[in-house]
Every structure is written in C-alpha cells, then in structure tokens.
Amino acid sequence: MKSLTERRAGVLLHPTSFPSGEFDDALRWLDWMSEAGFRIWQFLPLGVPHDDFSPYQCLSAFAMHPGLLPQDAGQRAINQEQLQLWRHEQAHWVEDYALFMALRWEHNTDPWFSWPDQFRSRDRDALTAFAENNRDSMDAIIEQQFVAHRYWLEIREAAAERDIMLFGDMPIFVAHDSADVWSNPHQFMLDDYGLPTFVAGVPPDYFSAEGQRWGNPQYNWEAMHRDGFRFWIERLHHHFELFDLVRLDHFRGLEAVWTIPAENETTIDGYWEKTPGDELLAKLQQEMGCIPLIAEDLGIITAEVTALRKKYELPGMAVLQFGFDAFDDNPHKLHNIHRDTAVYTGTHDNDTIRGWYDSLDEQTRGHVLQAIGADSGEQVVDRMIDAALGSNGNLSIVPLQDLLGLGNEARMNLPGTTEGNWQWRFTWEQLADIDCGDLKQRIQKTGRLGE
C-alpha cells in the first residue's frame, strides 16, 4: 500500500484538543496542516468515553462520541432513506448500542452488570417490551450516530482533497461497561453475573514501574475462533471505513496477553497467555490483501511479536524519548529504526519533549544533546523533531504539543491515573506562532512532502 511505503510526516492531535473541543475546527486544522506540509493527521479513539474521558475505555467499540459534533450538527436535514440504509448496514452494532444507552439512562448510568437481572442477562421479552416503550429515544440515538458518521466522512473527504491521511486508533480491548460486552457476553471471560473472571493489563514496562491493571475483560478466544472472529472483523472493517490507517493499540496482545485473575488487585500474579492473532490477521489479509494497520509494539516485545508483525508487513513504532539508554540494540535508537516504522518524538502517554528533557539529570541531558547534535537545551525540541523527520521510518509523527514547544502542562495522559487527563487544548493564537514555511522546508528536506 502506497501510504505505508512512502515517506510522510504527520501530527498527533486528538479532536478534543481543538480550541472548541469539537469537529467544528477540523477544516481549519486541515488547512493549517496542509500549509505546514503535514500529510497525516493522527488522533486517539473517537468513541464515547466514560466519566474519566479516556478514549481508550468507551461505551462502544463502534459508536462515535456525539460530544465531538458541533452544536448545530443536529439542525441538519436528514435524508430518511439514507438513514434507514445506514441503519441496516450498521445493524450488527447500532441497534444494541441504542438499546444499551437507553437502558443505561433508565438506570442512572449505572454499569450494565448492576442492572436488574432481566436486563443484565438480556431476557428477550423484557428487552422487547423496553424497546417498544423507548423507541423514540432509541431512534434519536441512532440518528445521532448517523449524523456523526456522515459528518466524519465529510472531514475524511476534505482531508483527501488536501492529500492528508486520517490515522485512527483502536484499543485492543473493550471496556467492561460497554454495549459490546453486554450484547456479546459469550465473547468475553465473564461469570454468570456478567463480571470478569480474567482481566487485561501489562506487567512493569516503560510506562509504569508497577505494571497496569486495566480491568478490561479478557476475550473468550475459543468462542471468537468458532465464529470466524466475527466481532473483530466487523470492528476492524468499521475502522477502515472511517480511517486511512489504524493504529492497533497493544498489538502484542495478538500474540499473547497478560492475563490477571479478576480477584487480584495488582498485576503481580498475571501471566502471559497465547492468543490466535495469527489466524485473525490471516483471515483479515485474505479479505483485504494489504492490512492498513500500524502495530503499537511498545513495552515488552518478544521475538514472536515482532515475527507476527513482520509476517503481515505491519509497520511498528519507535519513540525517540526511549532511545537514550546504554543499550546499543535499543529499537528506539535512530540507527536501529527501519523503514517499516512510525517514528514519534513522543506519544499521548509520554511527557512532551520539553517536559521530558527538563526531567533528566545533567549527565543524561549531555548525552541527549550530543546524540541529536544540539548545542543547548533550547535547541532540544527542534532537534528532536528534525531527528524524527530525518529518520529511516516511512512515517514520522510529532504531537502538536512538541511543535509548540510546550512543557508537561500540556501532557495528554499519565498512565495509571484517572484525574486531569485528556483535557489539554491549543489556541489558534499558539498555532499562528509556528513558522509554517520553515516547517514545510524541514519536511521537504527529509523527503516527506511527496512532491
């Protein structure tokens, strides 16, 4: 696929970081990207978040967050014939999602596994009666999703006109309190009361010295294998309809997952359990040919994970902030980065470049300055960006916070915490301070302008 083999530069920016926090700013943002020479816009998952606003723990693996829609989006005229056709095409998820959300509101947004038994266990007669009595609200939910879908496709068309690719993000796991788990309980490791028996997480790694217990229910891979990975295939196709590229978060989970008994509050007693990711990707490749996935392969990565990624020709990731230790074989060091890599200065889970550099001890700062050819700390941000742009990786992605030279006050997320994340927004005045002409020349100099 051309998009994965030609050199491009992109920006990581979630739509909630727009000045408005809504899609309303998208066209102006795409114009700025085009002026600066960027041809990839990467963002985080666009799903409906829980109260902590994390885009990685959503109420649906398919629904789009209606809070991203401009306030006047609901005033648009709706073609009923198109709505009904879309509703039919999306029937594998949208009807259950509407029913789930209506039930959730009826029960004060309590999680589905605390609902009365007839709704928790999906008694057919109870659900039918509830749907009949709440048809208007369910229709409104579906209509809202239709509007969001159509609005996004307009953004995608505008991006394509500017030769900008949309780079989406898909968490490997889904939230326990979600329409997906509620409507497909047999696809997950749950007990008779809808509670997980095993949950997901990771052992200690770059991001957390104590590991992370995410709490997502583990998949019932045997059940998924029996139905040809239906849920996964539908979910991936849904993402490919909306985005040109998709980052699969925690790709290593397609080779093995860190499995934690649900009664354990820490990750200590977890263990690696093999998963049938090879069979899943083979099925997807058979349907699609080239798979437009980027593998998020950060953390503890084994030879088996790398072999799986390479077997299906999926680019991996490198984060330059991780490349300054004493180990020469560190895959994040510039001399170890290959073409099949998306190279980042940092991600949404990292400090900004400025915040990262300021946190280093004097000896490490000196090593960083020497490695990137900077004379002083004032040059670090620009030199790190130039290093990412000049790297061997075909894709080079820079968070907007780094382009603005901001410190950790602009950090997007601190893994393992639930307070104060996902809230940063830029201003158009800040963007105006960036010299787009200079930035475009730097991108062109590294062969990423595509002209």
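With contacts defined as side-chain heavy-atom distances shorter than 4.5 Å, the pair Met101/Leu59 qualifies. Counting only heavy atoms from C-beta outward, the side chains of Arg28 and Trp428 approach each other to under 4.5 Å. At least one side-chain heavy atom of Lys310 sits under 4.5 Å from a side-chain heavy atom of Asp340. Within the 4.5 Å cutoff, the side chain of Phe251 has heavy atoms near those of the Leu308 side chain. A heavy-atom distance below 4.5 Å is not found between the side chains of Thr345 and Gln321. Residues Phe198 and Tyr271 meet the side-chain proximity criterion, which asks for heavy atoms closer than 4.5 Å. Under the 4.5 Å side-chain criterion, counting only non-hydrogen atoms from C-beta, Phe18 is in contact with Leu13. No side-chain heavy atom of Ile141 sits less than 4.5 Å from a side-chain heavy atom of Val94.
Applying the 6.0 Å contact sphere to CZ of Phe240 captures more than 12 heavy atoms from other residues, nucleotides or ligands. Enclosure of atom CG in Asp433 by more than 12 non-hydrogen atoms of other residues, nucleotides or ligands within 6.0 angstrom is indicated. Dense packing is recorded around NE2 of His335, with more than 12 heavy atoms of other residues, nucleotides or ligands lying under 6.0 Å away. Taking a 6.0 Å sphere around NE2 of His338, one finds it holds 12 or fewer heavy atoms contributed by other residues, nucleotides or ligands. Other residues, nucleotides and ligands contribute only 12 or fewer heavy atoms inside 6.0 Å of the CD atom of Gln286. Environment of CD in Glu313: sparse, with no more than 12 heavy atoms of neighbouring residues, nucleotides or ligands closer than 6.0 Å.
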inquiry  = Between Arg39 and Asp244, does the salt bridge (charged side-chain N to carboxylate O under 4.0 Å, His left out) criterion hold? Intermediate values first, please.
reply    = CA-CA 12 Å; Arg39 298 194 296 145; Asp244 300 295; over 6 Å; no

request  = Before giving the answer on side-chain contact (heavy atoms from CB on, under 4.5 Å), spell out for Phe43 and Leu12 the whole-Å C-alpha distance, their side-chain angles and the decisive distance to 0.1 Å.
outcome  = CA-CA 6 Å; Phe43 34 83; Leu12 172 59; 5.5 Å; no

key: Derivation and outcome, salt bridge (charged side-chain N to carboxylate O under 4.0 Å, His left out), residues Lys445 and Asp386   = CA-CA 10 Å; Lys445 183 179 179 180; Asp386 287 340; over 6 Å; no

message = Show, in sequence, the C-alpha distance, side-chain angles and deciding distance for Glu143 and Leu83, and conclude whether the side-chain contact (heavy atoms from CB on, under 4.5 Å) test is met.
response = CA-CA 7 Å; Glu143 184 174 300; Leu83 169 61; 4.3 Å; yes

request  = Take Phe23 and Trp152 through the test ring-ring contact (aromatic ring centres under 6.0 Å, His included) and record every step on the way to the result.
outcome  = CA-CA 8 Å; Phe23 288 153; Trp152 182 257; 5.2 Å; yes

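Asp278 and Tyr312 are linked by a side-chain donor-acceptor pair at a separation below 3.5 angstrom, with hydrogens and angles left out of the test. For the residue pair His332 and Tyr344, no side-chain donor N or O sits within less than 3.5 Å of a side-chain acceptor on the partner. Side chain to side chain, Asp361 and Thr364 meet the donor-acceptor criterion of an N or O pair below 3.5 Å. Defined by atom type and a distance below 3.5 Å, a donor-acceptor pair is present between the side-chain atoms of Glu241 and His149. Residues His176 and Gln57 have side chains that never bring a donor and an acceptor to within less than 3.5 angstrom of each other. A donor-acceptor contact closer than 3.5 angstrom links the side chains of Glu279 and His225. Counting only N and O atoms by type, the side chains of Asp180 and Tyr97 include no donor and acceptor under 3.5 Å apart.
The pair Lys440-Glu35 does not count as a salt bridge, with every side-chain nitrogen at least 4.0 angstrom from each carboxylate oxygen. No salt bridge links Arg87 with Glu89; every basic N to acidic carboxylate O contact stays at or beyond 4.0 Å. Between Arg411 and Asp349 there is no salt bridge, since no side-chain N of the basic residue sits under 4.0 Å from a carboxylate O of the acidic one. Between Asp328 and Lys333 there is no salt bridge, since no side-chain nitrogen of the basic residue lies less than 4.0 Å from a carboxylate oxygen of the acidic one. Arg156 and Glu161 are not joined by a salt bridge, as no carboxylate oxygen comes within less than 4.0 angstrom of a charged side-chain nitrogen. Checked for salt-bridge contact, Asp177 and Arg104 meet the test: a charged N lies under 4.0 Å from a carboxylate O. Using a cutoff of 4.0 Å between basic side-chain nitrogens and carboxylate oxygens, Arg230 and Asp227 are scored as salt-bridged. For Arg76 and Glu154, the salt-bridge test passes: some basic side-chain N is under 4.0 Å from an acidic carboxylate O. With respect to Arg425 and Asp25, no salt bridge is recorded, no charged nitrogen being found less than 4.0 Å from a carboxylate O. The pair Asp382-Arg442 meets the salt-bridge criterion, since a charged nitrogen lies less than 4.0 angstrom from a carboxylate oxygen.
For the pair Glu95 (side chain) and Ala91 (backbone), a donor-acceptor distance under 3.5 Å is absent.
Heavy atoms only, all atoms of each residue included: Leu245 and Leu395 are closest at CD1-CD1, 4.2 Å. A pairwise comparison of heavy atoms in Phe173 and Arg235 identifies O-NH2, 3.8 Å as the closest pair.
In this structure, the ring-ring contact (aromatic ring centres under 6.0 Å, His included) partners of Phe324, at least two apart in sequence or on a different chain, are Trp356.
Put simply, OG1 on Thr417 and CG on Asp52 are 9.5 Å apart, with the number rounded to the nearest 0.5 Å. From His14, atom NE2 reaches atom OG1 of Thr16 across 4.0 Å, with rounding to the nearest 0.5 Å.
Annotation: cation-pi pair Arg252/Trp272 present, NZ/CZ under 6.0 Å from the ring centroid and within 45° of its normal.
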